[in-house]
Amino acid sequence: MKNDFRTIEKKWQSRWEAEQIFRAADPGEPGSEKPKFYALVEFPYPSGAGMHVGHIKAYSSLEVISRKRRMQGYNVLFPMGFDAFGLPTENYAIKTGMHPRAVTDKNIAKFTSQLKQVGFALDWSRVVDTTETDYYKWTQWIFLKMFEHGLVFRDTALVNYCPNCKVVLSNEDSQGGKCDVCHSDIIQKSKDVWYLRITEYADKLLKGLDEVDYPGNIKQQQINWIGRSEGAFVNFGLKDTEEKLRIYTTRPDTLFGVTFMVMAPEHPLIDKYSARIANMAAVEDYRRECAKKTEFDRTQMNKDKTGLKLEGLSAINPLTGRKIPVYIADYVMMGYGTGAIMAVPAHDQRDWEFAKKFGIEIIEVIKGGDIEKEAYAGDGEMVNSGFLNGFTNKKDSIRRAIEELEKLGAGEGGVQYKMKDWAFNRQRYWGEPIPIIHCPRCGMVPVPYEELPLCLPEMKEFAPGTGGESPLARVPEFVNCKCPRCGGEAKRETDTMPQWAGSSWYFLRYTDPHNDECLADPEKLKYWLPVDWYNGGMEHVTRHMIYSRFWHKFLYDIGAVPTDEPYAKRTAQGLILGPDGEKMSKSRGNVVDPLDVVNEFGADVLRTYVLFMGDYGSAAPWSQSSVRGCSRFIERFAALDGMIGKPQDKLVRSLHKTVKKVTEDIESMKFNTAIAAMMSFINEVYDAGSIDKDSLSALTRALCPFAPHICEEMWERIGGKGLCSVAPWPEYDEALTVDDEKEIAVQVCGRLRGTLLIPAGSEEDAVWEMIASKPEFAPFLEGKTVIKKIYVKDRLFNVVVK
RNA sequence: GCCGGAAUGGCGGAAUUGGCAGACGCCCCGGACUUAAAAUCCGGUGAGGUUAACCCCUCGUGCCGGUUCAAGCCCGGCUUCCGGCACCA
């Protein structure tokens with residue numbers, strides 16, 4: 001037959017929908033006795049542009065895996081939803097005057113129709129939309145639970161602020177000093193910020209990595225993100241005061257090498273002792289200078305150190321009693337450690353550069369480098385260090401130093417994280433309202449649980465206020481309320497949550513998307529969790545995944561979910577680049593629209609191509625002519641119904657090998673070689689001229705996860721029972737996957753001198769006899785002494801001669 | 001700077017984890033079919049040498065060296081590219 005995909009694909013998509021074959025069975029329902037398989041893909045942000053080929057690649061992997069698992073008898077949950085809060089929708093709404101709700105609905109409808117056109121085997125009865133009140137009710141519920149457990153706090157802070165989006169961004173959203181959404185330069189602004197105390201979970205997030213199946217690089221990225229370091233807090237005395245200047249260091253054993261201290265310009269002790277600081281005017285100037293720089297600028301200026309000595313203030317080394325000068329410099333950040341450091345210029349390059357510039361003494365305490373040239377950060381024998389002299393092992397000397405500090409009451413061992421608490425508010429309309437009420441008498445009061453959801457008020461204008469305040473602040477009916485605690489007049493918080501909120505728990509809601517009593521029925525959570533396999537992009541490995549692991553671990557701690565880790569296994573797809581090998585982007589004009597491919601070649605071809613184009617985890621450029629190659633493959637398959645004939649032993653064996661390869665390769669995400677194996681098999685069928693019906697039946701089912709429409713059509717033509725998508729996965733006979741004859745390589749002294757057909761499993765002596773009797777090998781062996789024979793069964797025979 | 005990963009034909013990529021490098025697909029070339037083209041089918045296709053032809057030989061997985069009967073794969077030293085983090089004390 002011809003692959004008349006325009007008719008065929010519609011036909012089978014409506015059959016699947018009518019028969020609801022992709023619906024997952026909840027516990028207690030028929031089908032739930034099968035082993036469960038929960039396959040999760042990152043739900044899309046429904047942009048107006050519709051789906052991108054990247055979406056297709058991201059979803060196709062688990063689409064194929066879960067289709068196969070379904071055919072193998074699993075109860076599969078493969079759901080889809082929409083992460084629909086966020087700036088692009090809101091900006092579009094502001095520009096066009098449409099309500100964000102209407103924009104969202106339109107975009108979701110578009111995505112839904114496109115996903116269906118590609119034929120993804122999704123359970124459409126479980127669609128989740130983060131912007132629906134039924135959903136964000138529970139996002140708010142989780143926030144309140146966190147509030148209740150002290151994981152939410154508010155602080156005034158210098159924040160990353162995007163002047164273009166008029167919104168406060170987390171560190172994660174403003175990397176490299178650019179806004180993640182619009183790429184404008186970030187400025188620093190003082191704001192009231194809501195924080196989630198994610199640092200409280202830093203250790204749990206780190207430890208949990210031991211029990212999950214993520215690729216090493218993903219684990220490593222999360223480990224780096226959390227950035228745990230072990231060291232010590234040391235309290236330096238401040239001369240002529242009772243004050244302690246507290247610092248954090250990873251090398252407390254270098255205390256004897258401390259020649260100055262550095263505080264961050266914002267350090268509070270500077271204000272406290274401003275009266276003692278003789279050059280306070282200059283200090284203020286320096287501080288103003290620093291405040292002008294963004295954090296990005298500060299961290300970029302890693303060449304030239306700036307700073308200033310605090311005249312009149314000095315610190316006392318707790319181990320030596322020595323007087324040490326104190327500086328301020330912007331290479332020390334208020335946001336890490338204690339905002340102050342002990343500087344050991346001999347063994348820290350930054351301190352070294354600073355010391356050189358300001359003419360400060362450099363004392364070597366670890367032997368092994370040339371501290372005149374640069375700081376030495378390596379290992380070596382401790383010198384000039386009192387009781388630490390002679391230590392050569394870093395671990396021992398650190399332990400000994402901490403011991404001494406603790407004995408003196410001058411410090412203690414401690415741990416620091418690079419990860420910071422999560423700035424959790426945005427001054428925007430299209431997000432979940434933060435369910436908190438500010439009462440002049442009671443302070444911050446949570447909205448009572450029974451009043452959830454706290455819905456967004458209806459508005460016509462969504463632009464943020466000029467002072468960067470949330471548009472919700474302009475709705476008096478929303479803002480003014482009664483305090484739930486004292487009944488007095490109070491005001492609602494008007495900030496909304498960041499886009500990461502809704503995506504931090506959506507996979508839980510899929511298990512029970514319509515529940516009105518709790519975020520999901522505990523029975524259903526218990527049945528479905530954890531997610532067995534989660535696939536998505538590398539770009540979400542640190543933020544989204546760490547956030548959602550944090551929320552999940554919190555929910556586990558309060559007994560709301562049954563597992564402490566949400567995702568048992570995580571994989572990531574590689575990017576699809578444009579045909580020019582560059583990242584696809586509108587400005588480059590190299591974007592490929594997946595729907596164009598569906599219209600020209602059909603969904604089966606699109607699906608097959610994105611998985612065939614290369615190693616699934618690596619980036620690969622789009623190639624339109626390779627799409628044609630896949631189209632040819634599908635056509636060649638479609639024509640097999642006209643080639644049915646008698647079984648041929650060689651072909652049957654090939655079929656079994658092919659089925660084995662496809663079965664194994666799908667599970668290890670080697671989709672390209674699985675497809676290649678089926679292509680080879682079809683080439684063999686064309687060579688042989690015919691294929692038997694059983695083999696065609698097996699091939700059809702093996703190809704079905706990749707190209708389900710044409711396979712359904714083929715299945716019907718060859719009289720398959722029911723729908724191919726739920727037919728049993730083809731079995732293979734292990735005995736038929738091995739040949740009874742093998743062609744082995746024959747080498748003399750490691751050089752290939754020919755091949756030899758031998759009965760499979762032949763022993764060394766028998767093979768040697770065959771080689772010795774073959775005239776074609778004689779010239780290489782004549783007159784030589786055999787020193788060594790190496791035989792790798794069914795593969796290779798190497799004769800070493802002299 | 002630090003942490004990951006990669007480098008294989010004209011191109012995307014295979015290679016049972018130390019055992020015939022280049023599967024499969026694209027591109028290109030030739031043939032069949034066709035009035036013709038497209039489509040389709042069949043064949044060829046790493047480089048060089050040799051041969052009338054079949055054969056055959058040599059070289060070849062970023063670079064230099066090593067281990068081994070045998071290295072794309074292991075070890076040591078580089079180069080380049082990609083991703084992440086980055087004045088983190």
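These numbers were taken from a predicted model, which means no experiment stands behind them. Throughout, protein chains are lettered first and strands after them, A, B, ... in sequence-line order, and every chain is numbered starting at 1.
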| When the nearest nucleotide of RNA chain B is assigned to A:Thr755 and to A:Gln220 on a heavy-atom basis, which residue is associated with the more 5' position? | A:Gln220

| remark: When A:Phe780 and A:Gly629 are each assigned the nearest nucleotide of RNA chain B, the 5'-most assignment goes to A:Gly629

| field | Any N/O donor-acceptor pair, A:Lys789 side-chain to B:C69 base, under 3.5 Å | value | no

| message | For a quick check, tell me whether the side chain of A:Asn224 and the base of B:C85 share a donor-acceptor pair closer than 3.5 Å. | response | no

Using a cut-off of less than 4.0 Å, is there contact between a side-chain N or O of [X] and OP1 or OP2 of [N]?
{"X": "A:Asn672", "N": "B:G25", "result": "no"}
{"X": "A:Tyr248", "N": "B:A89", "result": "no"}
{"X": "A:Asn683", "N": "B:G25", "result": "yes"}
{"X": "A:Arg753", "N": "B:C57", "result": "yes"}
{"X": "A:Arg751", "N": "B:C20", "result": "no"}
{"X": "A:Lys661", "N": "B:C24", "result": "no"}

| said: Please list, in numerical order, the residues of residues 631-643 of chain A that have a heavy atom closer than 4.0 Å to any atom of RNA chain B. | reply: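 Only A:Arg632, A:Arg636 qualify.
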
| request: Compare all side-chain heavy atoms of A:Thr306 with those of A:Tyr286 and state whether any distance is below 4.5 angstrom. | output: yes

| said: Does any part of the side chain of A:Pro345, heavy atoms only, come nearer than 4.5 Å to the side chain of A:Thr259, both counted from C-beta? | reply: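 With C-beta onward as the side chain, the pair touches.
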
| query | Syn or anti for B:G9, with syn set at within 90° of 0? | reply | syn

| message | Checking one value: the base orientation of B:U17, syn if chi is within 90 degrees of 0, otherwise anti. | response |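 For B:U17, whose glycosidic angle is within 90° of 0, the conformation is syn.
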
So [X], base contact, sugar-phosphate only, or nothing? Heavy-atom distance under 4.0 Å.
{"X": "A:Tyr417", "value": "nothing"}
{"X": "A:Met538", "value": "nothing"}
{"X": "A:Val800", "value": "sugar-phosphate"}
{"X": "A:Gln747", "value": "base"}

Under 3.5 Å, is there a donor-acceptor pair between the [X] and [Y] side chains?
{"X": "A:Glu42", "Y": "A:His544", "value": "no"}
{"X": "A:Ser654", "Y": "A:Glu684", "value": "yes"}
{"X": "A:Tyr214", "Y": "A:Thr571", "value": "no"}
{"X": "A:Asn535", "Y": "A:Gln573", "value": "yes"}

Below 3.5 Å is the cut-off: list the nitrogen or oxygen pairs between protein and nucleotides 5-12 of chain B, distance only.
{"from": "B:G12", "atom 1": "O2'", "to": "A:Met613", "atom 2": "O", "distance (Å)": "2.4"}

So, [X] and [Y], do they make that salt bridge, N to O below 4.0 Å?
{"X": "A:Glu763", "Y": "A:Lys793", "result": "yes"}
{"X": "A:Asp4", "Y": "A:Lys2", "result": "no"}
{"X": "A:Glu230", "Y": "A:Arg228", "result": "yes"}

| field | Among B:C42, B:A89, B:A23, the one nearest A:Asp687 by side-chain distance | value | B:C42

| remark: With the side chain defined as heavy atoms from C-beta on, A:Asp615 is closest, among B:C85, B:C20, B:A14, to B:A14

| query | For the rings on A:Phe671 and A:Phe612, is their centre-to-centre separation under 6.0 Å? | reply |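 No.
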
| Applying salt bridge (Lys or Arg N to Asp or Glu O under 4.0 Å), which residue pairs with at least one partner in residues 666-676 of chain A are found, sequence neighbours left out? |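 Residue pairs with at least one partner in residues 666-676 of chain A: A:Lys68-A:Glu667, A:Arg69-A:Glu667.
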
| field | Partner set under side-chain contact (heavy atoms from CB on, under 4.5 Å) for A:Glu734, not counting sequence neighbours | value | A:Lys660, A:Tyr732, A:Thr737

| query | Residues in side-chain contact (heavy atoms from CB on, under 4.5 Å) with A:Val786, at least two apart? | reply |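 In terms of side-chain contact (heavy atoms from CB on, under 4.5 Å), with neighbours along the sequence ignored, A:Val786 is linked to A:Trp768, A:Lys789, A:Val799, A:Val801.
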
| request: Please state the P separation for the pair B:C64 and B:A71 - nearest whole angstrom. | output: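 To the nearest whole Å, 16 Å.
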
| said: Between B:C27 and B:U80, how far apart are the two C1' atoms, rounded to whole Å? | reply: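 Here B:C27 and B:U80 have their C1' atoms 27 Å from each other.
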
| task | Whenever both distances are under 3.5 Å in a Watson-Crick or G-U wobble pair, mark it; put RNA chain B into dot-bracket that way, with [ ] for crossing pairs and | when the partner is on another strand. | result | (((((((..(((......[....))).(((((.......))))).((((......))))..(((((..]....))))))))))))....

